[in-house]
Every structure is written in C-alpha cells, then in structure tokens.
Amino acid sequence: MNSEKIFIGVSWPYASDKVHLGHLAGQYIACDVFARYHRLKGNDVLMVSGSDSHGAPIVLKAEERDISPEELVKESHKQILETYKNLGLLYENYTSTTTQNHKEVVQNIFLVLKERGYLYEGTSQQYYDTKVERYLPDRYVKGTCPECGNTDARGDECPECGAYLNADDLIDPYSTLSDVKPELRDTRHFYLDLKKLEPKLDKWMKESSDNWRKWVREFSKGWIKIGLKPREVTRDMEFGIKVPVKGWEDKVIYVWVEAVIGYLSASIEWAQNINKPSRWEDFWKDENCKHYYFIAGGNTPFHTIIWPAELMGYSEKYSDDTLWEKYKLPGETKREELNLPYDVPANKMLLYKGKKISKGTVDMLTADEIFEKYGADLARFFFIRFAPENHDREFSWEDVVATNNNELVANIGNFVNRTLTFTYTKFDKSVPNGSWDSDVRENIDSAFKEVGEYVEGVKLTKALQRVLALGNFANKYFNDRAPWVDVKEDEGRARDTLFNAIQLTNALRILLKPFTPFGCKRLGKLLNIKDEYDANDVLVEKGLVEESINTWVYEEIEGGREIVKPKILWIKIED
RNA sequence: CGCGGGGUAGAGCAGUGGCAGCUCGUCAGGCUCAUAACCUGAAGGUCGUUGGUUCGAAUCCAACCCCCGCAACCA
C-alpha cells in the first residue's frame, strides 16, 4: 500500500465573531473535502486548525460586553466547534491559541529566531491613550483625513475617499476608546528581518510555486518584487503570548506571527493527545509529506511569505549544536528541517450584492444560518460548486436554491430515486442480476480517476462538475434504455439496465462522499450497505485513523442484494 | 506609471494558437420509472476596446477602458 502523508493547515478563525459564509466559501469547506478525500484514499492525513484567540479586537469586544477576554474566547470557541460539527467539518485536531503548549512552541520559535539574528529591536511611534492607559492600533484612532477633509477618518484608512493612511497622518486625532487626544509615544518592538530572508524566500518561491494558483503565485512574487520590509512582531498589550525576553514583560507577540505557528503547535498537541509525542515529526520532517494551507485570499502573504520565513529561520536550529540542545520542541527527536508549504490554495472573495462581505452584512450571512435553512450537504455542495477559486464570486440565496433544485436534487437525487424506486417496486426489493454495460463501467472508472486528479490538484469545482457529468450520463442512460418499456416486453434487458443503474447509483454515492457525506450515508443505508470501512467515520468515532485502506475505488453491488424502501435523499426547496 | 486578479450568450462560468463551449434560464418536442423530476433539439455571443505578430488569435505582444481585492496594524 503506497499511502501518502498529507498535512493540511487551515487558517484559524478569529474567536470574536461567528463563522460566516465568506469563511465557508474561502476555506473551511474546501479543506474538509480535500481531507475527506485523502482519508478515503487511505492516505495518512493530519489536518489541524484552531481558534485564534488573541489580539486587540477580542480585548475590546470583551470589554464592551463586560466579560473577560478569556470568557469571550471560550464562548466563541464553543460556538465554532458547534458550527463545524453541524457542517461535518472534521479535523485531526482543532485547538486554540490559548493552550500552554502553543505558548511554549511560540516562545521557542521566537527565541530561536532571535538567536539566529532574525529578530532585532527597534523603536516606533504610536498613539497612546492616557485615559484608558493603552497604546492604540491605527484603526482605533480617528481624525480628519488629510486628503479629503472628512472628519471621521480612521487611522488605517479614510472610508470617505478611500485613502490609505497612517494614524499620524490624521489631523486632530482622537481615540475611539475614550475620545481624548492621544499622545504620540515612542515604543520599542522586535522586528522580523524579512530583508535578510528575502533571497532564500525568493529562491524557494521560484522553485516551488509552479503548482500554486496563478493569482496566489503572482501576488506573492509581487511582494518580493517590491522588496520585503522588516515587520513589527510585538504589540503593546496584555492579552496574548508574552515576549519571552527580560524587560519585555509588558509586550505580547503579534497575533499573526503567533497564529501561524499554531500549525506546528497544534500538530505537536495532536501527537501528545494520541500518546505518540514524536508522531508530528512524520508530517513535519518527512520531505515526502506535502503541506497544504487552506486560507482566505486576504491571508495569503502570511502563508506564502511570513510563515515560510519563520520556518526557514527556525530550521537553522538544526545545524547548530547549542540551539538544537537548548530549544527542543516537545517530542522532538529528529534533527531535520521543517517542511515548507507545498501549496497554498487560497480562494478569492465571496461578494454579496457586489461588495465584500463586511461588518454590516455579515450578521445575515452566517454559517449557522445556511445550515439551519438548508442543511449541511447543500451548504457544502454549493460552496464547492461555486467556490471563488480564481476570482471573486457573487453570492445569492436564489443561487443556493437553484443549485439545490437543479443539480443536487434534479440530477443526482432524482437519478438515485428513480433507480431505487424502480428496483424496489419492479424487481421485488432486490438488485437484479445483470451484466455490466461497458460504457457504464468505463464512465465510472474514468470518473473515479478524474475526480481524484482534480481533488488532488485542489480543483474542487471541476471535481464536482465531473461528478455531475456522471449523474447526467446516468440519467441519459436510464432514459435511453427505457426499462419501463422493457419490463413488460423484455425483462432480461430491463434487469441489465437496472443492474447498471444501481452500479451508477453506488458510484455516485462513493464519489460524493467527500462533498455531501450526510446524504451519502443515507444512501448507503438505502442500498443496505453495512460494515463498510470509512476512515472519516473512524475519525469521528475514535478520533484517530490508524488503518490505511484505499476506499476510493469502485465496489460492485452484487445481484440479489435486498434494498430498503427508498426515501428521498435531498428535498426540493419550494418558493 | 504601487502589487495582483478579472472582463467570453439574459445570469453564473470553462476554455493558453486550430470550426466559440458548459450549467441555469427561455422556446419547441419526446418520455411517464422518478422529487412537475429526466431526455432531445432550437434561439441567443462583433470573446472589454484599438492596434500588432501569425496561414490561423478568446488564447501571444502593445496601448487603453471598466470592475474587484490588496497596499505590510482588518487576525
């Protein structure tokens, strides 16, 4: 069995707001389809993510609600887990940035980067609110826009004229936290020296980005082309991971630098959870293990520039005896470098009424809402069918309904239903004995091959289209063979037709497993399939997949098998 | 001249040098096993604009127009 190792990192949802449709379209469904496919294939999959639980917005939101940030984060985390469970989103480990383990790994990496000279101290000026005694991120300073004179401009941009600003550009600045005029104060920070890592990043990107989506590749190369700048990696704040350096106790590590380290710390935590503390090394140090990062488009530079830079800098630990001894990660035994991203299949933006989903619209577009209204399978089907893989995509509820009725129901659901009903009523509730039609067999085989290739290339929209093409073929086959005529005049021919139609039904069931797992499970019951090995079920039940069995293959349904009274798999939405 | 993506039928999209395609919608027909579902056919496009390369361009090159995202503190 030539099982592959697949690592999947999924960008960490921020633990202050609900998961919304942009998130689903961007990454959370795509990663799950990809992971489910690889598990079915018998590959060794590690998919991790967690709640990103630090940063200024959380602190401020908690204050608004008069609870502690810890409480807010705990509540959000629970809510996210509930949403994921509803939608069938499975992880080997979904954790949070609040764990002790994460803190240790982050500080370990921070210190190694510092020792290798990739972090240096510098000073910058930042507004300070003397009333609430807090440094202010740019977006919490407002004032008059120097470009257009709008008196309500934010420190990062002017919503009126669209100018991108720095907080100290503002005329008559005031703090949004207390309305006082903030003071510009010197504050020292650590900077990640991206400039120093630029040649290495440049080389790596040139050599390994050929398989990336065009826009991700060009966008990332664009950053290098302009020239990388050192980046502040600390913040003046109390809630977060402390900078592990003497005299820096009042600063925390910048969330973005910290959260991406979660990919590694969550892998380490997973290894501990399964009582094999070194198991994470199989995924991080085996050069044949491919690393995929499923993210929303906006996070691209953090995954194609900053995270690889952190990894490159950190991997120098392995060629330095002192550092290797001093900074061992939990469970670490192999003195080998960490793997860099293999692919970063970021999606573009989901638009609502022509605009990016924003604070104003997000409340009407939560993941919970689509689940409650239409169920998990349709949500999953829709956001793969219309995933914004290469450009922005417009969202409308009408399209969700149309997709359900025209594709999920009319194409797949209807074919399954007509086949099962026919079998049940005309052939005494059991699969007729018959012989394969070579066209049917060929089409099934090529569907498995092609859908698999598309998924492996993270072309999920195309993969699903290929499944629909098989559904189309199946309906046409049924029509052309007209078994409802044969059943009266040539029963043998009708038996052959239904035998083949049952095989097509079962093929669709297996092919759709990564996409619409719930309906596929119901269909399995209708076909009276029992004890079928399914790695994704094993993960749900036991929390760990230990066997490696390739189930991405077609298994014939034998003649004579009794089936269950057919029920409709997916309901047509009226109105 | 900041970086990048996109512009193809009424809508949503595929198509990287060889007869312009797919899904939905519209219209006509067929079928009655099936969730008014399924199957067949038709109408519908100066492929953003202009110029160039080529026997041949949606595709390659140049210029321009329009839409979107990003612009290093939106996590």
Side-chain angles (χ1 to χ4, degrees), chain A residues 11-17 52-58 97 124 126 135-141 154-157 164 166-167 194 213-226 228-232 235 254-260 296-302 305-306 348-349 351 354-356 358-359 385-386 388 390-394 396 398-399 402-403 405-407 409-411 413-423 425-426 461-462 465 468-469 472 474-487 494 497-498 501 566 568-574:
Chain A
S11 67
W12 295 43
Y14 196 57
S16 79
D17 296 303
D52 179 7
S53 308
H54 295 135
I58 285 176
T97 55
S124 70
Q126 193 170 4
Y135 282 97
L136 298 166
D138 282 1
R139 52 198 285 246
Y140 295 112
V141 182
R154 287 208 321 248
D156 52 351
E157 66 167 343
Y164 285 89
N166 291 313
L194 288 171
R213 288 179 185 159
K214 184 182 172 192
W215 80 266
V216 175
R217 183 176 58 239
E218 296 306 319
F219 180 84
S220 303
K221 283 183 174 170
W223 268 51
I224 293 183
K225 202 162 75 188
I226 297 165
L228 299 175
K229 296 185 222 162
R231 187 158 176 139
E232 269 181 32
R235 289 286 184 274
Y254 173 42
V255 277
W256 254 120
V257 169
E258 177 232 297
V260 287
N299 304 343
T300 304
F302 294 101
I305 308 273
I306 292 173
K348 296 225 107 181
M349 204 62 71
L351 305 178
K355 290 268 150 97
K356 127 186 197 184
S358 64
K359 279 232 153 45
R385 184 77 177 83
F386 298 107
N390 297 306
H391 44 79
D392 296 343
R393 191 75 82 135
E394 177 71 20
S396 79
E398 289 76 22
D399 284 349
T403 302
N405 292 354
N406 297 327
E407 299 191 346
V409 167
N411 181 332
N414 178 58
F415 174 73
V416 167
N417 192 238
R418 68 200 294 205
T419 299
L420 294 180
T421 306
F422 201 100
T423 302
T425 56
K426 311 282 193 215
T461 296
K462 281 203 190 315
Q465 272 174 26
L468 287 169
N472 206 319
N475 273 310
K476 183 167 161 52
Y477 176 78
F478 204 102
N479 252 64
D480 291 349
R481 299 273 302 190
W484 57 89
V485 176
D486 286 338
V487 80
T497 303
L498 265 294
I568 280 169
L569 288 179
W570 296 292
I571 295 166
K572 182 166 173 163
I573 302 165
E574 309 290 347

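Per chain, numbering begins at 1; letters A, B, ... match sequence-line order.
The side chain of F219(A) lies closest to G69(B), out of C39(B), G69(B), A75(B). For E218(A), whose side chain is taken as the heavy atoms from C-beta onward, the closest listed nucleotide among A75(B), C73(B), G4(B) is G4(B). In the set C3(B), C38(B), A14(B), A14(B) carries the atom at the smallest distance from any side-chain atom of N390(A). Closest to the R418(A) side chain, of the nucleotides A72(B), C38(B), U35(B), is C38(B). Side-chain proximity of R139(A) to the nucleotides C74(B), A72(B), C13(B) is greatest for C74(B). Side chain of D392(A), nearest nucleotide from C74(B), C3(B), G69(B): G69(B). Here A34(B) is the nucleotide among A34(B), A75(B), G4(B) with the atom lying nearest to any side-chain atom of N417(A). Considering only side-chain atoms of K229(A), the nucleotide from A75(B), G69(B), A72(B) that sits closest is A72(B). Closest to the W256(A) side chain, of the nucleotides U23(B), A75(B), C33(B), is A75(B).
Between G25(B) and A37(B), the two P atoms lie 8 Å apart (nearest whole Å). Across the C1' atoms, G51(B) and A14(B) are found 28 Å apart, a figure rounded to whole Å. Rounded to whole Å, the C1' atom of G69(B) lies 23 Å from the corresponding atom of A11(B). Atom name P, nucleotides U46(B) and C33(B): the rounded distance is 44 Å, in whole Å. Spacing between C39(B) and U32(B) at atom P, rounded to whole Å, works out to 16 Å. Only the C1' atoms considered, C68(B) is 24 Å distant from A62(B), to the nearest whole Å. Nucleotides A42(B) and A9(B), compared at atom C1', are 14 Å apart to the nearest Å. Nucleotides C70(B) and U59(B) place their C1' atoms 27 Å apart, quoted to the nearest Å.
At least one donor-acceptor pair closer than 3.5 Å links the side chain of N406(A) to the backbone N or O of A402(A).
In this structure, N414(A) does not reach the C33(B) phosphate: none of its side-chain N or O atoms is under 4.0 Å from OP1 or OP2. OP1 or OP2 of C70(B) has not a single side-chain nitrogen or oxygen of K348(A) nearer than 4.0 Å. OP1 or OP2 of C33(B) has not a single side-chain nitrogen or oxygen of Y477(A) nearer than 4.0 Å. For A36(B), neither phosphate oxygen OP1 nor OP2 lies less than 4.0 angstrom from any side-chain nitrogen or oxygen of K572(A). Taking only side-chain nitrogens and oxygens, K476(A) comes nearer than 4.0 Å to OP1 or OP2 of U40(B).
Between F478(A) and F422(A), the two ring planes are perpendicular [angle over 60°; tilted spans 30° to 60°].
Both geometric conditions, a ring-centre gap below 5.5 Å and a plane tilt below 30°, are not fulfilled together for W12(A) over the base of A75(B).
Residue A410(A) is in sugar-phosphate contact alone, with no base atom involved, counting any heavy-atom pair closer than 4.0 Å across all strands shown. In this structure, P301(A) reaches neither bases nor backbone, as no heavy-atom distance under 4.0 Å exists between it and the strands shown.
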Quiz item: For every nucleotide of nucleotides 7-12 of chain B, 5' to 3': is a protein heavy atom under 4.0 Å from its base (B), only from its sugar-phosphate (S), or from neither (-)?
Solution: -----S
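F386(A) pairs by the ring-ring contact (aromatic ring centres under 6.0 Å, His included) definition with F382(A), not counting sequence neighbours. Y477(A) meets the ring-ring contact (aromatic ring centres under 6.0 Å, His included) test with no other residue; sequence neighbours excluded. Y14(A) is linked by a ring-ring contact (aromatic ring centres under 6.0 Å, His included) to nothing, counting only residues two or more places apart in sequence or in another chain.
Note that OH of Y254(A) is 4.5 Å distant from CZ of R231(A), once rounded to the nearest 0.5 Å.
For the pair T419(A) and K214(A), nearest-nucleotide mapping onto RNA chain B gives the more 5' position to K214(A).
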Heteroatom pairs (N/O) under 3.5 angstrom, protein to nucleotides 27-32 of chain B:
residue	atom	partner	partner atom	Å
G30(B)	N2	N479(A)	ND2	3.4

Exercise. Both distances under 3.5 Å, Watson-Crick or G-U wobble: on that basis, could you give the dot-bracket string for RNA chain B, with [ ] for crossing pairs and | for other-strand partners?
Key: .(((((((.[[[[.)..(..]]]].(((((.......))))).....[[[[[..)....]]]]])))))).....
